[in-house]
Amino acid sequence: MKISEVAKIVDLPISTIRYYEKMGIITDEYILREENNYRNYDVGIIHHLGVIKNCLAVGFSINDIKSMITANGISKEEQTRILKDKISEIEAAQKNLENSKQYLYDLLELEITCEDGFGKASHVACPPAQRSERHP
């Protein structure tokens, strides 16, 4: 299977597939070389790239994925630890976003305007709950 076919099936740019190769997250087992040295991909690359896309979508980095691939198999316990760590990261990010959203709602309640310039609302202070967290 040619790189253009793979790219179309998995909906990734060719440059991304080449980058994944360079980074080592597409391993040699998926790449076959023709006599003219063109790449020919094994059909298993489709599933492999799908897993990579899903891992990226839930917040794993390229380096995280590379580490998991180079481990060449991990125990069920290690897999569980990795997934629970990622869940904890997501929950912390959700909490931060919720706090940010609440802060913005608090600002709306204060009806602050920027008529005197951005951040120059001298008659209204930041909401008390946010003052210590955001403005030491």
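Cluster membership for Ile82 and Val58, using ILVMFWY side-chain heavy atoms within less than 4.5 angstrom, is shared. Cluster annotation: Val51 is not connected to Ile9 through the hydrophobic network of ILVMFWY side chains, with a link wherever side-chain heavy atoms come within less than 4.5 Å. Put simply, Ile25 and Leu32 are part of two different groups of oily side chains (I, L, V, M, F, W, Y) that touch within less than 4.5 Å, one to the next. Using a 4.5 Å cut-off between side-chain heavy atoms of Ile, Leu, Val, Met, Phe, Trp and Tyr, with links allowed through other members, Leu104 and Leu97 fall into different hydrophobic clusters. Under a hydrophobic-cluster definition in which Ile, Leu, Val, Met, Phe, Trp and Tyr are linked whenever side-chain heavy atoms come within less than 4.5 Å, directly or via other members, Ile17 and Val43 are assigned to the same cluster.
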Could you walk me through whether Leu56 and Ile52 pass side chain to side chain contact (heavy atoms under 4.5 Å, CB included), step by step?
CA-CA 6 Å; Leu56 290 168; Ile52 291 168; 4.0 Å; yes
Do Arg39 and Lys2 pass the side chain to side chain contact (heavy atoms under 4.5 Å, CB included) test, and can you show the C-alpha distance, the side-chain angles, and the key distance before you say yes or no?
CA-CA 7 Å; Arg39 294 175 188 90; Lys2 293 182 177 163; over 6 Å; no
What verdict does the side chain to side chain contact (heavy atoms under 4.5 Å, CB included) test give for Ile65 and Tyr20, after you've listed the backbone C-alpha separation in whole Å, the side-chain angles of each residue and the deciding distance to 0.1 Å?
CA-CA 10 Å; Ile65 296 167; Tyr20 290 171; over 6 Å; no
Pair His48, Ile69 - check side chain to side chain contact (heavy atoms under 4.5 Å, CB included), show working.
CA-CA 10 Å; His48 183 70; Ile69 290 170; 3.8 Å; yes
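To the nearest 0.5 angstrom, Ser15 atom OG is 8.0 Å from Arg18 atom CZ. Taken from CD in Glu91 to NZ in Lys84, the straight-line distance is 11.5 Å, to the nearest 0.5 Å. The CZ atom of Arg33 sits 8.5 Å away from atom CG of Asp28, with the distance rounded to the nearest 0.5 Å. The OG1 atom of Thr16 lies 10.0 Å from the CG atom of Leu49; values are rounded to the nearest 0.5 Å. Atom-to-atom distance recorded for Asn99:CG and Gln102:CD is 8.5 Å, nearest 0.5 angstrom. The CZ atom of Arg81 lies 5.0 Å from the CG atom of Asp85; values are rounded to the nearest 0.5 Å.
The pair Lys95-Glu98 fails the salt-bridge criterion, with no side-chain N (NZ, NE, NH1 or NH2) lying under 4.0 Å from an Asp/Glu carboxylate O. With salt bridges taken as basic N to acidic carboxylate O contacts below 4.0 Å, none links Lys8 and Glu5.
Looking at Asn40, its side chain does come within 3.5 Å of a backbone N or O of Met1 through a donor-acceptor pair. No donor-acceptor distance shorter than 3.5 angstrom exists from the side chain of Lys53 to the backbone of Leu12, with no hydrogens or angles considered.
Minimum interatomic distance between Pro13 and Ala7 (heavy atoms only, all atoms of both residues): C-CB, 4.4 Å.
Residues Tyr19 and Ile26 fail the side-chain proximity criterion, which asks for heavy atoms closer than 4.5 Å. Side-chain contact between Ile87 and Ile90 is absent, with no heavy-atom pair separated by less than 4.5 Å. You'll find the side chain of Ile31 reaches within 4.5 Å of the side chain of Tyr41, heavy atoms only.
With hydrogens and angles left out, the side-chain atoms of Asp64 and Ser67 include no donor and acceptor closer than 3.5 Å.
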